[in-house]
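Data first, discussion second: the structure below is written as structure tokens.
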Amino acid sequence: MISDGKLRACIEAHWGLADATVQVHNGGMNSATWFVSEGGERWVAKAVEPGSRRFFIGGLQVAAHVEAAGVPAGTPVVTRHGSLVADVDEVPLGLLNWVAGAGLLGGNPDEQRLIGATLARVHAALSGVTIKDADRFHWVETQAPHLAVRPWVRASVADALAGYEALDAGSLSWGLLHTDPAPEAFRLDRMTGECGLIDWSIAMNGPLLYDLASAVMYVGGIDQADHLVEAYLESKMMTRAEVKYGLPTMLRFRWAVQADYFAHRLFTDDLTGVTSASDNEMGLENARRWLGRLGAEKPSGMHTGHKTA
């Protein structure tokens with residue numbers, strides 16, 4: 001996305017790091033990243049597609065609010081010109097503060113509790129925060145051309161979306177979301193016990209239950225996520241009734257988002273962050289299996305009226 005020479009020149013020109021060491025990372029699927037170090041300090045340089053510039057800046061603004069409340073979030077270093085990003089041949093580049101520690105796996109009760117508790121802290125930190133021009137949940141379009149990439153995709157996504165709409169979104173607890181709180185985005189500094197949440201890619205207002213459902217999805221589903229959900233509920237960010245009522249349906253919608261995402265990657269031949277199209281195929285197939293399973297477990301007798309206590 002950006003050549004090594006242009007990257008170094010940009011870092012020097014906009015952030016004043018003339019002698020920085022730069023190492024390619026590229027650990028994500030929607031961006032290009034590099035580890036940057038100079039004088040004993042570390043940062044992460046992150047670039048996104050030009051069309052994602054507004055989303056990127058919005059996410060960095062949200063991260064700043066999260067870190068101001070005491071949760072490490074990979075905040076942006078402002079450029080010499082007072083901007084959150086610099087442009088390299090129209091590609092937006094940000095320099096983010098390093099968050100110490102290592103990403104979690106979510107495979108044991110202690111890590112699940114930490115994920116649930118940290119996500120709740122983040123939601124509490126963002127309660128009442130307003131970001132100008134923030135997007136509003138959701139972004140799934142059932143008539144999008146890429147949903148024709150496989151015969152089953154459009155109908156499955158539309159069915160899951162109908163389930164979400166039947167929840168009565170206005171009855172749910174809303175706020176600014178992370179939108180993709182995977183275990184590896186939670187970084188634990190084992191020296192201090194401090195856990196942060198990184199990878200803020202957008203400013204979006206939506207049901208907090210979507211973030212919780214995302215975290216649950218990544219650890220294997222509701223049956224595997226008791227410790228995560230209980231730790232989140234201890235925060236009182238939402239009631240147990242809201243979680244019981246809405247989580248199964250929101251989890252199904254979250255898998256529909258996965259199907260939408262990988263269908264789009266296949267449709268556009270997007271190989272960012274993967275080695276071949278087969279990785280995108282695997283992601284889509286995984287979504288198909290889970291949508292089939294969760295579709296067979298649709299909750300009945302849905303009702304509304306569960307708000308944050």
Side-chain angles (χ1 to χ4, degrees), residues 103-123 137-138 140 152-153 155-169 171-173 177-186 188 195 197 206-262 282-304 306 308-309:
L104 300 181
L105 298 175
N108 64 60
D110 287 342
E111 287 201 357
Q112 283 201 19
R113 280 191 287 267
L114 187 56
I115 289 171
T118 304
L119 183 61
R121 285 184 65 201
V122 165
H123 284 168
F137 191 86
H138 59 85
V140 178
W152 62 269
V153 177
S156 294
V157 169
D159 195 33
L161 176 56
Y164 163 71
E165 291 174 343
L167 281 178
D168 180 12
S171 72
L172 303 175
S173 306
L177 303 178
H178 181 277
T179 73
D180 195 31
E184 60 267 23
F186 293 86
L188 173 62
C195 186
L197 180 57
L208 302 183
L209 200 57
Y210 181 80
D211 269 359
L212 183 60
S214 298
V216 167
M217 178 189 76
Y218 281 114
V219 301
I222 293 173
D223 293 342
Q224 305 297 320
D226 286 349
H227 298 285
L228 190 159
V229 173
E230 286 300 319
Y232 183 89
L233 283 170
E234 289 174 5
S235 71
K236 309 298 183 184
M237 283 303 300
M238 68 178 72
T239 64
R240 187 175 298 274
E242 181 176 344
V243 172
K244 182 177 180 181
Y245 154 69
L247 184 56
T249 299
M250 192 66 83
L251 179 60
R252 187 161 167 258
F253 179 71
R254 182 62 181 83
W255 274 111
V257 169
Q258 287 292 97
D260 176 75
Y261 174 74
F262 283 105
M282 288 175 58
L284 186 62
E285 173 60 18
N286 199 28
R288 185 193 66 78
R289 290 198 303 266
W290 273 98
L291 284 169
R293 173 180 170 182
L294 296 172
E297 301 172 358
K298 289 181 189 178
S300 61
M302 291 195 300
H303 55 287
T304 61
H306 300 298
T308 305

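Y232 is linked by a side chain to side chain donor-acceptor pair (under 3.5 Å) to H123, counting only residues two or more places apart in sequence or in another chain. The side chain to side chain contact (heavy atoms under 4.5 Å, CB included) search around R288 returns W152, E285, not counting sequence neighbours. Residues satisfying the side chain to side chain contact (heavy atoms under 4.5 Å, CB included) test with D226, not counting sequence neighbours, are none. Residues satisfying the ring-ring contact (aromatic ring centres under 6.0 Å, His included) test with Y210, not counting sequence neighbours, are F137, W139. With sequence neighbours excluded, no residue forms a ring-ring contact (aromatic ring centres under 6.0 Å, His included) with H227. Scored by the salt bridge (charged side-chain N to carboxylate O under 4.0 Å, His left out) test, E230 finds R240 as partners (sequence neighbours excluded).
Distance check: I115 CD1 to L197 CG gives 10.0 Å after rounding to the nearest 0.5 Å. With rounding to the nearest 0.5 Å, the separation of CZ in F253 from CE in M217 is 12.0 Å. Note that the CG atom of L212 and the CG atom of L177 stand 11.5 Å from one another [nearest 0.5 Å]. Expressed to the nearest 0.5 Å, how far CD of E242 lies from CG of L167 amounts to 9.5 Å. For the atom pair CG (L161) and CG (D260), the distance works out to 10.0 Å, reported to the nearest 0.5 Å. Here the CG-CE distance, from L208 to M237, works out to 5.5 Å after rounding to the nearest 0.5 Å.
Ion pairing between a basic and an acidic side chain is recognised when a charged N comes within 4.0 Å of a carboxylate O; D211 and R254 show no such pairing.
Shortest non-hydrogen contact noted between A213 and L251 is O-CD1, 3.5 Å. Between L119 and A215, the closest heavy-atom pair is CD2-CB, 4.4 Å. The minimum heavy-atom distance linking Y218 with P183 is given by the pair CB-CD, 3.4 Å. Summarising the geometry of A160 relative to A256, their closest heavy-atom pair is CB-CB, 3.5 Å, with the distance given to 0.1 Å. Taking every heavy atom of both residues into account, L209 and G246 meet most closely at CD2-C, 3.4 Å. Between P248 and V243, the shortest heavy-atom distance links the atoms CD-O, 4.0 Å.
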(request) Could you check Y245 against L172 for side chain to side chain contact (heavy atoms under 4.5 Å, CB included), going step by step and ending with a plain yes or no? (result) CA-CA 10 Å; Y245 154 69; L172 303 175; 4.1 Å; yes
(message) As a quick check of understanding, evaluate side chain to side chain contact (heavy atoms under 4.5 Å, CB included) for H178 and V122, giving each step before the final call.
(response) CA-CA 9 Å; H178 181 277; V122 165; 5.6 Å; no
(request) Apply side chain to side chain contact (heavy atoms under 4.5 Å, CB included) to the pair L284 and V153, showing each step before the final yes or no. (result) CA-CA 9 Å; L284 186 62; V153 177; 4.2 Å; yes
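Under the 3.5 Å distance criterion, the side-chain polar atoms of Q112 are left unmatched by any main-chain donor or acceptor of V219. E111 places a side-chain N or O within 3.5 Å of a backbone atom of L105 that can act as its donor or acceptor partner.
The closest side-chain heavy-atom distance from N286 to Q258 is not below 4.5 Å. Two residues are said to be in side-chain contact when any heavy atoms from C-beta on lie closer than 4.5 Å; H138 and V257 fail this criterion.
Ring geometry, W255 versus W290: the interplanar angle falls under 30°, so the pair is classed parallel (tilted spans 30 to 60°).
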